Amino acid sequence: MQIAMVGSGYVGLVSGACLADFGHVVTCLDKDEAKIAALRDGRMPIYEPGLAELVAKNVREGRLSFTTDLRAPVAAADAVFIAVGTPSRRGDGHADLSYVHDAAREIAAAVSDYTVVVTKSTVPVGTGDEVERIIRETNPAAEIAVVSNPEFLREGAAINDFKRPDRIVIGTEEPRAREVMQDVYRPLYLNQAPLVFTDRRTSELIKYAANAFLAVKITFINEIADLCEQVGANVQEVARGIGLDNRIGGKFLHAGPGFGGSCFPKDTTALVKTAQDNGVPLRIVETVVAVNDQRKRAMARKVIAACDGSVRGKTIAILGLTFKPNTDDMREAPALAIIQALQDAGATVRATDPEGIEQARPLLGPVTYCTNAYETAEGADALVLVTEWDAYRALDLPRLKAVMAAPVLVDLRNVYPAEEARRHGFRYTGVGRN
């Protein structure tokens with residue numbers, strides 16, 4: 001099949017490369033000339049394990065290409081995917097759909113024969129209706145069907161998620177469009193990936209509901225962690241105890257500094273706004289948004305408490321800046337709020353991250369960036385583990401203690417057993433553990 005992918009960011013690039021690897025001929029499009037030039041040179045605009053190799057393989061084999069010119073690839077395509085950004089709109093928190101609408105207008109002007117236009121971007125309920133209206137208004141002769149096909153990719157594991165999905169949700173009630181989408185995902189039939197066909201609006205809501213539910217699980221266990229600290233319980237054992245119930249499951253029950261990234265923060269906010277606009281406030285999701293925002297700065301207070309109530313004039317070492325491991329994404333990362341709060345309290349901050357330093361620089365104030373954990377810890381009054389990269393899971397604790405000004409370890413991901421840290425002379429603080 002001929003596929004055009006409008007948008008070569010995280011979702012578009014991963015999806016395009018994987019579809020090409022299935023054997024389809026895919027053209028990834030983007031208005032950013034520098035990004036397209038870099039992709040043609042084999043340089044990725046994001047860090048995602050395995051992506052550079054996957055892109056290089058399919059470019060070499062002639063199934064994947066990149067361009068800024070939308071017209072020819074869209075005219076030749078059987079399916080055109082819209083995979084542009086939908087960030088939170090400034091001022092009101094609604095999803096900014098301007099890039100989606102612009103893409104729809106450009107696609108409308110370029111389509112020729114019957115074409116399925118697929119919304120892969122995360123969009124509020126009813127966006128597909130508006131995309132179809134725009135295309136038909138721009139080009140009344142266009143023979144198109146607009147389909148919803150939300151993505152469920154985890155940063156750091158996106159290629160595996162695309163190739164071995166839990167489910168593929170497709171929102172359309174048009175038989176011809178359904179056939180096209182079945183052809184797009186036919187290579188996954190061997191993996192028995194379930195295709196969930198539904199109407200377009202339901203498909204759009206499935207994406208938001210899924211992300212909101214996972215955000216609820218994270219926020220729930222974080223609040224249970226706070227209770228555990230007060231009553232002398234262990235949140236990790238609580239999480240295991242409830243997670244073994246298959247009605248609950250153990251995923252997303254790891255207490256920590258709150259969720260961040262490109263999806264959960266903006267999607268929960270957008271869902272709340274959509275619900276309010278329709279007179280159906282979602283109180284649980286509203287609370288999740290508020291609690292998560294407050295939690296990040298609360299983690300800074302935990303660090304301050306571990307430093308005997310004050311960090312003024314002290315040096316704090318931060319391990320991990322990105323919102324999760326195996327990505328360079330700094331969007332809504334807990335480290336941003338934690339570092340700002342520590343600086344507000346008078347601390348000097350040293351930090352390191354395997355992939356996120358360059359993305360962090362423009363987002364943070366005066367921070368000393370280091371190449372590894374041991375350099376970061378030199379002269380520090382406390383070491384704070386914020387993001388659980390593999391590089392920080394088996395640190396040489398005696399070596400760290402030897403270079404630090406004070407042996408204080410604040411483990412916001414519960415990577416280290418408290419007993420181990422204390423055995424090596426550290427004053428240890430975890431999350432939800434006595």
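Just so it is clear, the structure is predicted and the values come from calculations on it, not from any experiment.
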If you count heavy atoms of other groups shown closer than 6.0 angstrom to CD1 of I248, is the number above 12? yes

Can you find a heavy atom in the side chain of Y369 that is under 4.5 Å from one in the side chain of L364? yes

Partners meeting side-chain hydrogen bond (donor to acceptor under 3.5 Å, both in side chains) with E237 (sequence neighbours left out): none

Indicate the atoms forming the closest heavy-atom contact of I159 with P49, along with that distance. CD1-O, 3.6 Å

What residue among E173, E130, E132 forms salt bridge (Lys or Arg N to Asp or Glu O under 4.0 Å) with R200? E132

Are the side chain of T376 and the backbone N or O of A317 linked by a donor-acceptor pair below 3.5 Å? no

May I ask you to test the I82-M5 pair for a side-chain heavy-atom distance under 4.5 Å? no

Grab the two heavy atoms, one from A142 and one from V111, that are nearest each other, plus how far apart they are. CB-CG2, 3.8 Å

Pair Y185, N149: side-chain N/O donor-acceptor within cut-off below 3.5 Å: yes

Is the shortest side-chain heavy-atom distance between Y374 and D396 below 4.5 Å? yes

For a quick check under 3.5 Å, do D69 and T67 share a side-chain donor-acceptor pair by atom type? no

Residue pair L188 / K163: nearest heavy atoms and the distance that separates them: CD2-O, 2.9 Å

Got a donor-acceptor contact below 3.5 angstrom from the R63 side chain to the L19 backbone? no

Any luck finding a side-chain donor-acceptor pair between T202 and D199 under 3.5 Å? yes

Inter-residue atom distance R43.CZ - K35.NZ, 0.5 Å rounding: 13.0 Å

Correct closest heavy-atom pair for Y416 and A394 would be OH-N, 3.4 Å

Side chain to side chain contact (heavy atoms under 4.5 Å, CB included) partners of C263, counting only residues at least two apart: E151, N211, D267

Do the side chains of T429 and D411 get nearer than 4.5 Å, heavy atoms only? no

Partner set under side-chain hydrogen bond (donor to acceptor under 3.5 Å, both in side chains) for Y10, not counting sequence neighbours: E48

From N372 atom CG to D353 atom CG, the distance as rounded to the nearest 0.5 Å: 12.5 Å

Listed once per pair and sorted, the ring pair (Phe, Tyr, Trp, His ring centres under 6.0 Å) pairs that draw on residues 254-284, sequence neighbours left out: F259-F264

Take atom CZ of R240 as the centre, draw a 6.0 Å sphere, and report whether it contains more than 12 heavy atoms from other residues, nucleotides or ligands. no

Looking at K57 and D21, is any side-chain nitrogen of the basic one under 4.0 Å from a carboxylate oxygen of the acidic one? yes

I need the minimum non-hydrogen distance between R393 and V415, along with the two atoms involved. CA-CG1, 3.8 Å

State whether E204 and R201 are salt-bridged, where the test is any N-O pair (Lys NZ or Arg NE/NH1/NH2 against Asp/Glu carboxylate O) under 4.0 Å. no

Side chains of L342 and I304: closer than 4.5 Å at any heavy-atom pair? yes

Taking atom types as modelled, find out whether T86 and K266 have a side-chain donor-acceptor pair closer than 3.5 angstrom. yes

Donor-acceptor under 3.5 Å (E137 side chain, R133 main chain): no

Student check: side-chain heavy atoms of M330 and L321 closer than 4.5 Å: yes

Contacts of E174 that satisfy side-chain hydrogen bond (donor to acceptor under 3.5 Å, both in side chains) - sequence neighbours left out: none

Between OG1 of T68 and CD of E33, what distance do you get to the nearest 0.5 Å? 5.5 Å

Flag side-chain contact, heavy atom, 4.5 Å: V410 against L412: yes

Which value, rounded to the nearest 0.5 Å, describes the distance between E388 atom CD and L319 atom CG? 12.0 Å

Starting from the C-alpha separation in whole Å, work towards a yes-or-no answer on side-chain contact (heavy atoms from CB on, under 4.5 Å) for V367 and I339. CA-CA 9 Å; V367 172; I339 290 172; 4.0 Å; yes

Is NZ or CZ of R176 both nearer than 6.0 Å to the six-membered ring centre of Y114 and within 45° of the ring axis? yes

Assess the side chains of N234 and R433: does a donor N or O sit below 3.5 Å from an acceptor N or O? no

So how far is it from D96 CG to R89 CZ, rounded to the nearest 0.5 Å? 7.0 Å

A side-chain contact here means heavy atoms from C-beta on lying under 4.5 Å apart; do P45 and L13 qualify? yes

To the nearest 0.5 Å, atom CG of L153 lies from atom SG of C18 at 7.5 Å

Less than 4.0 angstrom from a charged side-chain N to a carboxylate O is my criterion; do K324 and D329 meet it? no

Could you tell me which residues satisfy side-chain hydrogen bond (donor to acceptor under 3.5 Å, both in side chains) with K302, sequence neighbours excluded, listed by chain and number? E229

Is it true that R297 and D344 have a side-chain N and a carboxylate O under 4.0 angstrom from each other? yes

Give the minimum heavy-atom separation between I221 and L253, together with the two atoms involved. CG1-O, 3.7 Å

